[in-house]
Structure formats: structure tokens, C-alpha cells
Amino acid sequence: PISVDVITCRQVDSYPPGKNDQQFNAAKLPTLPELMAGSGIATLYLLTYNSIQAFGWAIALFRILSNFSATGSVAGAYASAGDLICLLQSIAFLEVVHGALGLVPSGVLYPFMQWGGRTHFVLAIVRKIVEVQELPAVFITFTAWSIAESIRYSHYALNCIGRCPSWIVYLRYTAFIVLYPIGLFPGEIWLMYQALPFVKKTNLFHFTLCQAVLLSYPFLWFNLYLHMLKQRRSKLGKQNIKKKRN
């Protein structure tokens, strides 16, 4: 998903004293994001949210790699970090809400696309179908997600306090180039394909849905990937301009 890079606090209009509230034009009333930004609540909230997510994904990555190091097998990825990843991915729906409320400039579409695809994968496929939980595709997906999200949320959290190092910015807008395709093709799509026989046995409607998802997923993902590449050119281009000026 795509979140806030810089928190911009907009000034809230002040009203002339002594007038009845009903006489004010409703269009001039401050919105919730404006009130939160003006008081610093929005920055504090987004800092807390992104820090929790960054810490959670870092723990998930540590658990996955620790299990792999101890057992020499990729089969334990879900057992070691599955519940935590399910929780983190469920909470990520807040990013759709953030965009809808205007707390961040991401909008609703792209956060919802990423949240919906990942949540269906992890909750409706991996969590419910025990037979696929030890497949290598789970390890590949969870590892790629954990690395990408640890970087992304760290970038957002540091931006909230205006102290994001340039190397974090570079990682944020570069690592996804490799991590996103790895997480998708040998990870999510391959696992959903492997899960189809088990889904067909238990739920015919879900089987049809999974087939539709498999067909549409690459096109939706490619749209999101192009959006990220566009953001990369914009963000890293601005960073290079600042370096030249300094």
C-alpha cells in the first residue's frame, strides 16, 4: 500500500467573535483532518501507527529468518509468523480509512487494492487452508512482505518527525522493484494456484472467486507497480535536486 510521506498541517480559519454559530458558512467549518493537523494529533497518531507496523513487520521477519536458520527449512514460515502477519495485515485497513478521511494524500483506491489482495491471500487462503501453510511460496511471500513493509513503515514513521535519512528514502523507492515481483509471482499467485484443488473441495463459490482473482491479479498488480515507479521518479528526483542545491 502507499501512505503519507510528509505531514502537512493546514491552517484552520478563525471566526470573528460574537456571532451566532448558525450564521457561519458551513463550507468554512474546519474538517476533522484540519483540526487534527492543527493540534498535532494527526502527526502523533500517524507516527504511532507507522511505528507499530514497522516494529511488527521487523519482528515477523526476525521470526521467519530465525526459524529458517534453526531448522534449515522454509516450511515453518506460517507457524513462526503467520498469526502476527494476519494481525498486521488486518490492521492495515486503517490506511484505507486514512486516505478516505484525508489524513494522508494517498486516496482510497491504491491502499484498498493492496489491502484487499493481501488480506484475501493471507486470511482466506493461507490461514484457512492448512495444507498450503508449509509450502515454499508462503516463505517467499512472507519474507518479501516483511522486508518491504519494514522499510516502508520505517520511512513513513521517520517522515512524521522530519528525520528520514536519504538512504531510507532510497530503499523505500527502490527495494520494491525486486521485492514486489518476488512476493507476487513465485509467492502469492503460485500459492493461490496450488490452493485451488483444496478450495474446490470445500467451497465452490470461493473456488470461482479464486480463479477470477488469479486472472485479474497480475493486471491490478501491474497498475499498482507502475504507480510506484512513477512515485519513485518523483521522490528520488526531488531528492537529487536537493542534493545539488546543497
Side-chain angles (χ1 to χ4, degrees), residues 1-3 46-96 98 111 114-160 164-165 167-195 198-199 217 221 224 228:
I2 303 161
S3 184
L46 290 171
L47 173 62
T48 302
Y49 170 78
N50 289 310
S51 297
I52 290 172
Q53 284 279 15
F55 185 64
W57 284 104
I59 291 176
L61 179 62
F62 175 78
R63 288 181 178 180
I64 292 168
L65 296 181
S66 294
N67 180 268
F68 175 72
S69 177
T71 63
S73 170
V74 299
Y78 184 82
S80 60
D83 289 340
L84 176 57
I85 289 177
C86 287
L87 175 63
L88 294 170
Q89 189 54 49
S90 298
I91 294 173
F93 182 74
L94 287 172
E95 292 165 39
V96 181
H98 297 164
Q114 180 159 320
W115 177 84
R118 286 188 171 187
T119 301
H120 172 262
F121 172 82
V122 75
L123 294 183
I125 302 293
V126 183
R127 188 174 182 86
K128 286 192 174 183
I129 304 175
V130 178
E131 291 86 350
V132 304
Q133 291 178 358
E134 295 187 352
L135 294 178
V138 175
F139 175 84
I140 294 170
T141 304
F142 281 7
T143 302
W145 283 8
S146 298
I147 296 172
E149 299 299 64
S150 296
I151 295 170
R152 183 168 71 94
Y153 286 113
S154 296
H155 170 251
Y156 295 157
L158 291 168
N159 259 332
C160 287
C164 188
W167 64 271
I168 290 286
V169 177
Y170 182 80
L171 276 179
R172 163 68 183 107
Y173 292 104
T174 303
F176 80 89
I177 295 174
V178 175
L179 293 173
Y180 277 25
I182 289 175
L184 183 78
F185 294 105
E188 295 175 63
I189 289 180
W190 179 235
L191 186 81
M192 281 192 283
Y193 177 78
Q194 291 176 298
F198 304 105
V199 175
Y217 213 52
W221 172 86
L224 180 62
M228 287 297 300

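Computed from a prediction, not measured in an experiment: that's the story for all the values here.
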When His155 is tested against each of Tyr173, Trp167, Tyr170 for ring pair (Phe, Tyr, Trp, His ring centres under 6.0 Å), which residue passes?
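The ring pair (Phe, Tyr, Trp, His ring centres under 6.0 Å) with His155 is passed solely by Tyr173 among Tyr173, Trp167, Tyr170.
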
Where [X] and [Y] come nearest, the two heavy atoms and their spacing:
X      : Y      : result
Cys86  : Tyr78  : SG-OH, 4.2 Å
Leu191 : Val132 : CD1-O, 3.8 Å
Leu158 : Pro165 : CD1-CD, 3.8 Å
Ser146 : Leu61  : CB-CB, 3.6 Å
Leu47  : Ala157 : CD1-O, 3.4 Å
Ser73  : Ala75  : OG-N, 3.1 Å

With a 6.0 Å cut-off (strictly less than), is the heavy-atom count around CD of Glu134, excluding the residue itself, greater than 12?
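12 or below, so no.
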
Taking atom CZ of Phe55 as the centre, does the number of heavy atoms from other residues, nucleotides or ligands within less than 6.0 Å exceed 12?
no

Residues forming a side chain to side chain contact (heavy atoms under 4.5 Å, CB included) with Ile91, sequence neighbours excluded
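Checked Ile91 against side chain to side chain contact (heavy atoms under 4.5 Å, CB included); matches are Tyr49, Gln53, Leu87, Leu94.
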
For Phe62, what residues pass the side chain to side chain contact (heavy atoms under 4.5 Å, CB included) criterion, not counting sequence neighbours?
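Once residues adjacent in sequence are excluded, the partners of Phe62 under the side chain to side chain contact (heavy atoms under 4.5 Å, CB included) criterion are Ser66.
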
So Leu123 and Lys128, side-chain contact (heavy atoms from CB on, under 4.5 Å) or not? Walk me through it.
CA-CA 7 Å; Leu123 294 183; Lys128 286 192 174 183; over 6 Å; no

Point-to-point distance, once rounded to the nearest 0.5 Å, from [atom1] of [X] to [atom2] of [Y]:
X      : Y      : atom1 : atom2 : result
Leu84  : Gln89  : CG    : CD    : 11.5 Å
Phe198 : Gln194 : CZ    : CD    : 8.5 Å
His120 : Trp115 : NE2   : CH2   : 11.5 Å
Tyr180 : Leu224 : OH    : CG    : 6.5 Å
Ile140 : Leu179 : CD1   : CG    : 12.5 Å

Main-chain N/O of [Y] paired with [X] side-chain donor or acceptor, under 3.5 Å:
X      : Y      : answer
Thr141 : Glu188 : yes
Ser69  : Leu65  : no
Ser80  : Ala77  : yes

Ring centroids only, cut at 6.0 angstrom: are Trp190 and Tyr193 within range, meaning strictly under it?
yes

May I ask you to say whether Arg118 pairs ionically with Glu95, meaning some side-chain N is under 4.0 Å from a carboxylate O?
no

Got [X] and [Y] here, is their nearest side-chain heavy-atom distance under 4.5 Å?
X      : Y      : result
Val122 : Arg127 : no
Tyr217 : Leu184 : yes
His98  : Leu46  : yes
Ile64  : Ile85  : yes

Hey, what's the ring geometry for Trp145 with Trp57, parallel, tilted or perpendicular (30° and 60° as the breaks)?
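It falls in the perpendicular class, over 60°.
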
